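Taking it in order: structure first as structure tokens, then the write-up.
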Amino acid sequence: MAVAVDAPAKINLALHVMGRRDDGYHLLESVCVFTRMGDRLSVEVADRDRFHVHGPYASDVPQDGSNLVLRALDALRQISGRDARPVSIALEKNLPVASGLGGGSSDAAATLLALARLWRIPADAALLREVGSRLGADVPMCLEQRPLVARGVGDILEPLEHFPALPIVLANPGVAVSTPSVFRALARSDHPHLPALPPLADAAAVAEWLRRARNDLHDAALSLAPGIADVLKALDRQGALVARMSGSGATCFGIFRDMTSAREAASGLQAQQPGWFVAASLAEGTGD
Ligand code: C5P
């Protein structure tokens, strides 16, 4: 029987860069949420290993062993020693690649979660986090799929206990941005900490908090992809409570008061910019 798992888009609502380790990785503080919209992955036992990618962005991802999905399969097999039976993996690629939405990391995390179910490894096992961190700095947070604060190099995770669901519009101008290049273009890595994060009741309160927070990768990403400025302006013009860039870009998000206004803004923006990736989605809250 196939096990299907969502690989949601990861949005860095704020991302502060506060230092740099000797190995070049940066010390961060980031508030992350995950949208309903995303990639989708399914695994099932098969006669031999197979990997099939479909969906709107399928042609942008490698289908060989360099894909994070297959690297996740290899790593979990090797480390868990549980089950070497061949599996067939299907990935529906709905998120643009190299876009600041953690798509590859979320796909890798979904692979680990799906295989854990197929192979009956407890999904909260430290093992999954350990395997995830070997695959990429963002994979452990993508295993959580719920609002959290990430610290360290993204490996120290604090799930938030109370956080509202957020009506969101995602917009990407169709420019792939390489995360290592953005970090290399950073002028400074000694920014202040995130502002204190009190309980936030709704989207308006989150927007107000975000006005005091930053994405410290914004200027570096803008130097590589100047079109990001147009995306932020376009989201503002559609009535976003606040608009920011996610991760290392180029995807930007706008927060809206409700899903109706988010959907209207998304169709308005898509009509103006038919070549952009535009999507309205709910970023999951903690459900209280
Ligand atoms: O770990 P991952 O391969 O996803 O990270 C991509 C790149 O992002 C790294 O090679 C590094 O240049 C940069 N990075 C960083 N500090 C982090 C996370 C990522 O400098 N905390």
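Treat the numbers as computed from the prediction; the structure is a model and nothing was measured. When a residue number appears, it is its place in the shown sequence, counting from 1. Ligands are counted one by one from 1 in listed order, and the atoms in each one are counted from 1 as well. For the numbers below, each heavy atom of this structure counts, side chains included, while hydrogens, waters and symmetry mates do not.
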- Item | Atom indices of ligand 1, in the order listed, that fall short of 4.0 Å to a heavy atom of G24 | 20 (O)
- Task: For D64 and P62, indicate whether the former's side chain and the latter's backbone hold a donor-acceptor pair under 3.5 Å.
- Result: no
- Query: Taking R244 for the side chain and L210 for the main chain, is one N or O donor matched with an acceptor at less than 3.5 Å?
  - Reply: yes
- Message: If hydrophobic clusters are built from ILVMFWY residues whose side chains come within less than 4.5 Å, do V139 and I79 share one?
- Response: yes
- For N94 and P56, indicate whether the former's side chain and the latter's backbone hold a donor-acceptor pair under 3.5 Å. no
- Item | Option passing side-chain contact (heavy atoms from CB on, under 4.5 Å) with D49 (candidates D74, L70, L73) | L73
- Hey, is the main chain of S246 close enough, under 3.5 Å, to the side chain of N12 for a donor-acceptor pair? no
- Message: Give me the nearest non-hydrogen protein atom to atom 16 (N) of ligand 1 as residue plus atom name, then the distance to 0.1 Å.
- Response: H26 N, 2.8 Å
- Which residue holds the protein heavy atom closest to atom 12 (O) of ligand 1, what is that atom called, and what is the gap in Å? P180 CA, 3.7 Å
- Item | Taking atom 6 (C) of ligand 1 as the reference point, the nearest protein heavy atom with its distance | T179 CG2, 4.2 Å
- Which residue and heavy atom of the protein sit nearest atom 1 (O) of ligand 1, plus the separation: A137 N, 2.8 Å
- Distance to 0.1 Å, residue and atom name: give those for the protein heavy atom nearest to atom 3 (O) of ligand 1. Y25 OH, 3.9 Å
- Going by the atom numbers of ligand 1, which of them fall below 4.0 Å from some non-hydrogen atom of L28? 21 (N)
- Note on the structure: closest protein heavy atom to atom 14 (N) of ligand 1 is F183 CE1, 3.4 Å
